[in-house]
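Presented below is the structure to which this report refers.
These values consider heavy atoms only, across backbone and side chains, with no hydrogens, waters or symmetry-generated copies. Values in this document were obtained by computation on a predicted structure and should not be read as measured data.
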Amino acid sequence: MNDLQTKAQKLGIIMPEISSEQINDQIKPVLRQMEEVGIGLNCAGLNNLADKLTIRLKELEGQIYQAVGAEFNISSPIQMAEMLFDRLKLPTTGLKRTKSGVSTAASELSKISSEHIVIALILEYRELSKLISTYLRPLPLLVDENSRLHTTYSMDTSTGRLSSSEPNLQNIPIKGTYGEDIRAAFVASPGCKLIVADYSQIELRIVACLAKDKAMIEAFGRDEDIHAQTAAAIFNINMADVTAAERRVAKAVNFGIVYGQTPYGLSQALGIEVTAAATYIKNYFDLHTGIMDYINDMISAAHTDGYVETIFGTRRYLPNINSSVRYIAEGEERMAINMPVQGTAAEILKLAMIEMSKRLELINDKRKNKGHDCPARMLLTVHDEIVLEAPVEMAEEVGKILKDTMENVIIMCVPIKVSLGIGDNWAKAK
DNA sequence: AACTAGGCT
DNA sequence: GTATAAGCCTAGTTG
């Protein structure tokens with residue numbers, strides 16, 4: 001048994017004896033096959049939506065010109081800032097600045113949305129123009145003769161995650177007014193269903209385990225509402241009394257913790273006072289002392305060794321961790337906190353894909369010569385999610401196998417949970 | 001090519 | 001005094 005195995009065992013982790021290099025070797029052919037298979041795209045659906053949104057975009061353009069009293073390039077942040085802050089004299093206090101001037105990012109403009117009706121128009125314009133120019137227009141042009149879309153996966157990331165490009169199928173819209181419509185254009189082959197399996201809070205479960213955090217391990221072990229538990233802790237109330245708003249704050253705290261978020265960052269994210277954010281974080285660490293120790297351990301390990309690593313040994317070197325420029329060093333300290341968590345999640349996903357690929361071969365071998373037009377096969381992966389397609393009559397069974405594979409490819413000190421969906425398209429299968 | 005913005009996990 | 005939440009990819013503007 002090697003060092004990593006011993007270390008993992010002390011954390012209550014039972015993992016396959018495989019190195020990060022071996023994982024990466026074995027995932028490659030799986031990815032190449034997924035790229036070749038591709039996923040069905042309903043081009044007509046996207047084109048129709050593009051046409052509809054383009055009409056709305058034109059309306060908004062006219063309304064913005066009228067509200068401002070001038071015509072300008074709405075897509076130019078420079079011209080936008082000039083119109084809002086020089087011509088209309090909207091207040092800039094409290095707004096972030098970029099290198100070139102006052103930021104016109106949506107997060108900043110929404111702070112002054114009550115100052116002028118044009119802000120709402122601009123935000124809607126930006127939303128539509130993003131969807132049209134990045135997704136609705138380009139994607140239909142990229143399909144093959146069978147109306148299938150093929151991405152390219154890369155592994156040269158700093159944490160071990162995969163990335164996807166040309167087109168990037170890991171950032172297809174899902175939120176907002178049109179997210180569902182866009183996802184619905186990603187479809188299963190005829191006679192097949194899409195099967196979507198998502199790791200539930202995988203990074204939080206990993207950090208609970210790596211940090212040996214007692215309260216969090218117990219909460220996950222009892223299958224409790226982790227965000228409600230956090231809310232109770234940071235607001236000093238009973239779990240039963242947690243409101244929806246308090247739970248939302250707690251969710252943001254849980255989310256931010258694996259990124260090394262500061263009180264300032266949390267205050268920005270939630271639109272609250274820095275002092276309030278600081279209190280929440282303090283209360284959080286009072287409950288989760290294991291998490292606090294883990295963060296400090298990772299930072300000091302990075303300072304000493306110059307790198308951090310995942311449980312399978314993927315390393316990230318942090319050459320500037322000892323920089324005398326404080327914000328440079330602090331930036332790498334946050335990377336030191338996050339990378340072992342994000343990287344371990346990536347490895348678990350890859351392991352599950354490798355194992356599932358083997359199981360799919362067995363499934364398909366068994367069904368050879370039975371006249372099925374579409375084999376059960378892996379199509380996409382999005383960081384904590386795997387998308388498959390399988391013949392309708394097999395979908396339930398394949399889904400169960402997928403869920404089982406993902407949940408048991410590694411045993412951690414907290415249960416690993418996977419949510420499963422089956423449907424004709426990517427919207428319905430979620 | 002740099003910068004700004006914004007889509008996803 | 002400066003910065004402040006990790007990791008990606010793509011599109012449009014600017015010079």
Side-chain angles (χ1 to χ4, degrees), chain A residues 72-81 96-109 122-123 125-139 142 151-176 178-179 182-183 198-204 207 252-270 274 277-278 281 295 298 308 316 318 323 325-343 345-346 349 380-386 426 430:
Chain A
F72 64 104
N73 188 340
I74 301 172
S75 299
S76 163
I78 296 174
Q79 295 180 40
M80 178 61 75
K96 279 194 180 144
R97 300 184 62 85
T98 66
K99 291 180 180 178
S100 30
V102 180
S103 169
T104 70
S107 60
E108 305 310 302
L109 294 189
I122 292 165
L123 294 177
Y125 181 97
R126 288 248 183 93
E127 179 189 4
L128 300 191
S129 108
K130 177 71 179 180
L131 297 181
I132 293 166
S133 68
T134 307
Y135 306 101
L136 299 177
R137 293 303 184 197
L139 291 181
L142 294 170
T151 185
T152 303
Y153 290 105
S154 305
M155 297 200 301
D156 51 359
T157 59
S158 51
T159 60
R161 268 192 176 184
L162 301 171
S163 71
S164 156
S165 62
E166 292 184 297
N168 182 358
L169 297 186
Q170 293 185 321
N171 73 343
I172 300 302
I174 189 171
K175 301 165 192 163
Y178 307 100
I182 296 174
R183 289 253 167 165
D198 259 279
Y199 279 115
S200 157
Q201 296 163 327
I202 185 70
E203 292 196 357
L204 213 46
V207 78
V253 174
N254 273 323
F255 187 62
I257 224 74
V258 286
Y259 299 132
Q261 192 175 44
T262 62
Y264 174 83
L266 183 64
S267 75
Q268 287 291 302
L270 293 175
V274 177
I281 291 174
I295 288 174
M298 283 305 115
V308 289
R316 177 171 191 176
L318 300 164
S323 169
V325 183
R326 206 201 303 172
Y327 78 91
I328 300 282
E330 285 173 347
E332 297 211 345
E333 286 176 354
R334 288 192 296 275
M335 297 172 198
I337 296 168
N338 178 260
M339 184 273 174
V341 180
Q342 191 183 113
L349 182 91
L380 301 176
T381 177
V382 193
H383 308 306
D384 63 0
E385 168 180 352
I386 298 174
W426 204 359
K430 287 281 278 196

Please classify the nucleic acid contact of L131(A) as base, sugar-phosphate, or nothing, using heavy-atom distances under 4.0 Å.
nothing
For dT9(B), does the base pair up with any side-chain atom of R161(A) as donor and acceptor (N or O, under 3.5 Å, distance only)?
yes
Does R334(A) have a side-chain nitrogen or oxygen under 4.0 Å from the phosphate oxygens OP1 or OP2 of dA6(C)?
yes
Polar side-chain atom of T151(A) near backbone of S165(A) as donor-acceptor pair, under 3.5 Å
yes
Any side-chain heavy-atom pair from Y135(A) and N171(A) closer than 4.5 angstrom?
yes
Any S76(A) side-chain nitrogen or oxygen under 4.0 Å from OP1 or OP2 of dT4(B):
no
Under the 3.5 angstrom rule, does the side chain of N338(A) hit a backbone N or O of Y259(A) as a donor-acceptor pair?
no
Sticking with atom P, work out how far dT4(B) lies from dA3(C), rounded to a whole angstrom.
13 Å
Closest of dT13(C), dC3(B), dG7(B) to the S100(A) side chain is dC3(B)
Side chains of T159(A) and Q342(A): do they bring a donor and an acceptor to under 3.5 Å?
yes
Please give the distance between the C1' atoms of dC8(B) and dA5(C) as a whole number of Å.
15 Å
Quick check for you: among dC9(C), dG6(B), dT9(B), whose closest atom lies nearest to any side-chain atom of D384(A)?
dT9(B)
So does R316(A) get a side-chain nitrogen or oxygen closer than 4.0 Å to the phosphate oxygens (OP1/OP2) of dG7(C)?
yes
Indicate whether OP1 or OP2 belonging to dA5(C) is found under 4.0 Å from a side-chain N or O atom of T262(A).
yes
Give a yes/no on whether any side-chain N or O of Q79(A) is located under 4.0 angstrom from OP1 or OP2 of dT14(C).
yes
Between dC3(B) and K99(A), is there an OP1 or OP2 to side-chain N/O distance shorter than 4.0 Å?
yes
Is the shortest side-chain N/O distance from T134(A) to OP1 or OP2 of dG6(B) below 4.0 Å?
no
Atom CD of E385(A) and atom C1' of dG7(B) are separated, to the nearest Å, by 15 Å
Find the distance Y264(A):OH to dG1(C):P and express it as a whole number of Å.
16 Å
Of the candidates dC8(B), dC8(C), dA5(B), the side chain of S103(A) sits closest to dA5(B)
Rounded distance in Å - CG (N171(A)) to P (dA6(C)):
19 Å
Between C1' on dC8(B) and CG on L380(A), what's the gap in Å once rounded to a whole number?
13 Å
Main-chain N/O of S200(A) paired to D198(A) side chain as donor or acceptor, under 3.5 Å
no
When you check the phosphate oxygens OP1 and OP2 of dC9(C), does a side-chain N or O of S163(A) lie under 4.0 Å from one of them?
yes
Side-chain heavy atoms of S75(A) within contact of Y125(A), under 4.5 Å:
yes
Under 4.0 angstrom, heavy atoms only, what part of the nucleic acid is E203(A) near: base, sugar-phosphate, or nothing?
nothing
Classify the nucleic acid contact of T104(A) as base, sugar-phosphate or nothing, counting any heavy atom under 4.0 Å across all strands shown.
sugar-phosphate
Classify A269(A) by what it touches in the nucleic acid, base, sugar-phosphate, or nothing, heavy-atom distance under 4.0 Å.
base
Taking 4.0 Å as the cut-off, does a side-chain nitrogen or oxygen of R126(A) come that near to OP1 or OP2 on dG6(B)?
yes
If you look at every strand shown and take non-hydrogen atoms under 4.0 Å, does N338(A) touch a base, only sugar-phosphate, or nothing?
sugar-phosphate
Between P of dA5(C) and CD of Q268(A), the distance in whole Å:
9 Å
Using heavy-atom distances to pick each residue's nearest nucleotide on DNA chain C, tell me which of L270(A) and P77(A) is more 5'.
L270(A)
Considering every strand and a 4.0 Å limit on heavy-atom distances, what is the contact class for L266(A): base, sugar-phosphate, or nothing?
nothing
For I386(A) and dC8(B), what is the distance between atoms CD1 and P respectively, to the nearest whole Å?
21 Å
OP1 or OP2 of dG12(C) under 4.0 Å from side-chain N/O of S129(A)
no
Which nucleotide in the list dT9(B), dA5(B), dA5(C) gets nearest to the side chain of V382(A)?
dT9(B)
Heavy-atom check, side chain of R326(A) versus side chain of E330(A), under 4.5 Å
yes
Of the nucleotides dA5(C), dA11(C), dT9(B), which one has an atom closest to the side chain of P138(A)?
dA11(C)
Could you tell me how far dC3(B) sits from dT4(C) if I compare only their P atoms? Round to whole Å.
15 Å
From CG of N168(A) across to P of dT10(C) the rounded distance in Å is 6 Å
Which whole-number value in Å describes the distance from Y125(A) OH to dG7(B) P?
15 Å
Under 4.0 Å between a side-chain N/O of N73(A) and OP1 or OP2 of dT13(C), yes or no?
yes
Could you check which of dC8(B), dA5(B), dG1(C) has an atom nearest any side-chain atom of A105(A)?
dA5(B)
Can you check side chain to side chain contact (heavy atoms under 4.5 Å, CB included) on Y178(A) and L136(A), steps first, answer last?
CA-CA 11 Å; Y178(A) 307 100; L136(A) 299 177; over 6 Å; no
Which is true for R137(A) with a 4.0 Å heavy-atom rule: it touches a base, it touches only sugar-phosphate, or it touches nothing?
nothing
